[in-house]
Amino acid sequence: MERYTSGKFSKRRMRNLLVLVLVIIFLTLGTGLSEALAIYNFSAQERKIYVLCVAEADESWVNKNDMRDAAITFLSALGLKGEVIETADEWDALVREAPEGVIVINCHGEVVPIPTSYGTDYQSFYRDLASLIKDKGWIFIQIPGFGFFFVGNSKTVGSKYKVADSGVGVFLSALGLSYHQEGVPDLVNPWCDQEAIITDLAKNVSRAVGLRLPEMVKASRALAIATDQLPEHVKVLWYWYKVPEDKKIWQGYPYLAIVCIKVGKGMLVWGGLGGLSGSDYGTMAAVITAYILNPDLATRAGGLPLLRKRQLFIYSLVAVGAVFVAYLVVLVYRRSAPPIESA
């Protein structure tokens, strides 16, 4: 009769080792995922995010499809869900429904799609959009170029119809940022055409989500704002780029790019940028959205890399490979352990 005492002990020891390896792997992966969710704090998305990219409207200073794809991809990488508005009718339905607190990322650059039901009456549309921001808490993110300079709908005004400063003035003035209105002093000025430098806030937020934003950008239509003359319901919350004051100011006020303006219950994010790709703009819009949803991103000393699908797949392969290697070690050890004969 043979006893495998040493073998049994080795098997028990190897079994314990295997369990320990499995526990470490699952704890590591689980901790990484939970930390990511804690960092980004997006496990329960509070606001619905719409990415505006309709077929009936043209674009200006951006490739709308590239911006849409990048925005959706980066939102997904952050654990956020964005819904694409693909037609003017879908956009019309959202504006008419007027839900509370949605985020809208405009991928058309200087063009804003006008819902079909407004016909050619862009003034009424701009006033209603301003009301949705003020009263319904909408957050409208407008990154490239001179926002609201065109409207677009091939069914009504054409895919790209210039409303120029007067049209922009209708929208901004309806928000409480008077611009280009006869007999009313301007509170903002978008004619910048300078380069702007990144702020510490933008660096911190981008670092927290594993991204590096440009140190300097072309701030062609950055906004100078008379901050000490704004109505009570309007307030500048933050900005990510600033034109050096020795380069250009307007009536003593600096030009700000990617500036977030609180208006009533909602916000307008005005980019005023030029010279970047649609993918760059889409990624920026997604990061801005993330920061709006979780301002704590700005306080992190350093961030973890984004857990994209590819990375999760690689981590899973590593975990499976580690288990397989441990199993092979057990098999080899079992076969190599010599039996001990009983006395």
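Hydrogens, waters and symmetry mates play no part in the numbers below; they use all other heavy atoms, side chains included.
Across V54, D58, N153, a single residue satisfies side chain to side chain contact (heavy atoms under 4.5 Å, CB included) together with S159, and that is D58. The only member of V168, V151, L172 that meets side chain to side chain contact (heavy atoms under 4.5 Å, CB included) when paired with Y126 is V151.
A salt bridge is absent between D193 and K248; no separation between the charged side-chain nitrogens and carboxylate oxygens falls under 4.0 Å. Checked for salt-bridge contact, K235 and E232 miss the test: no charged N lies under 4.0 Å from a carboxylate O.
Between W191 and F149, the ring planes are perpendicular. Angles over 60° get that label, and only those under 30° would be called parallel.
With sequence neighbours left out, K218 forms a side-chain hydrogen bond (donor to acceptor under 3.5 Å, both in side chains) with no residue at all. For W240, the ring pair (Phe, Tyr, Trp, His ring centres under 6.0 Å) partners at least two apart in sequence or on another chain are W238.
Judged by distance alone, the side chains of D128 and S131 never bring a donor and an acceptor atom under 3.5 Å apart. In summary, the side chains of D228 and Y253 do present a donor paired with an acceptor at a separation below 3.5 Å, with no hydrogens or angles considered. Side chains of N189 and Y255: a donor on one and an acceptor on the other come within 3.5 Å. Side chain to side chain, S154 and E56 fail the donor-acceptor criterion of an N or O pair below 3.5 Å.
Contact detail for V111 and A57: the closest heavy-atom pair is CG1-CB, 4.5 Å. Smallest separation of non-hydrogen atoms from P113 and L52: CD-CD2, 3.7 Å.
The closest side-chain heavy-atom distance from S220 to F146 is not below 4.5 Å. Contact check for I114 versus Y161: no side-chain heavy atoms found under the 4.5 Å cut-off.
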Working note: E59 + K160, criterion salt bridge (charged side-chain N to carboxylate O under 4.0 Å, His left out); need CA distance, chi angles, decisive distance, verdict. CA-CA 7 Å; E59 63 210 25; K160 184 178 178 181; over 6 Å; no
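Figure legend: cation-pi geometry between R96 and Y118, with NZ or CZ positioned under 6.0 Å from the six-membered ring centre and within 45° of its axis.
For the salt bridge (charged side-chain N to carboxylate O under 4.0 Å, His left out) condition, the pairs that include at least one residue of residues 65-91, sequence neighbours left out, are K48-E83, D89-K155.
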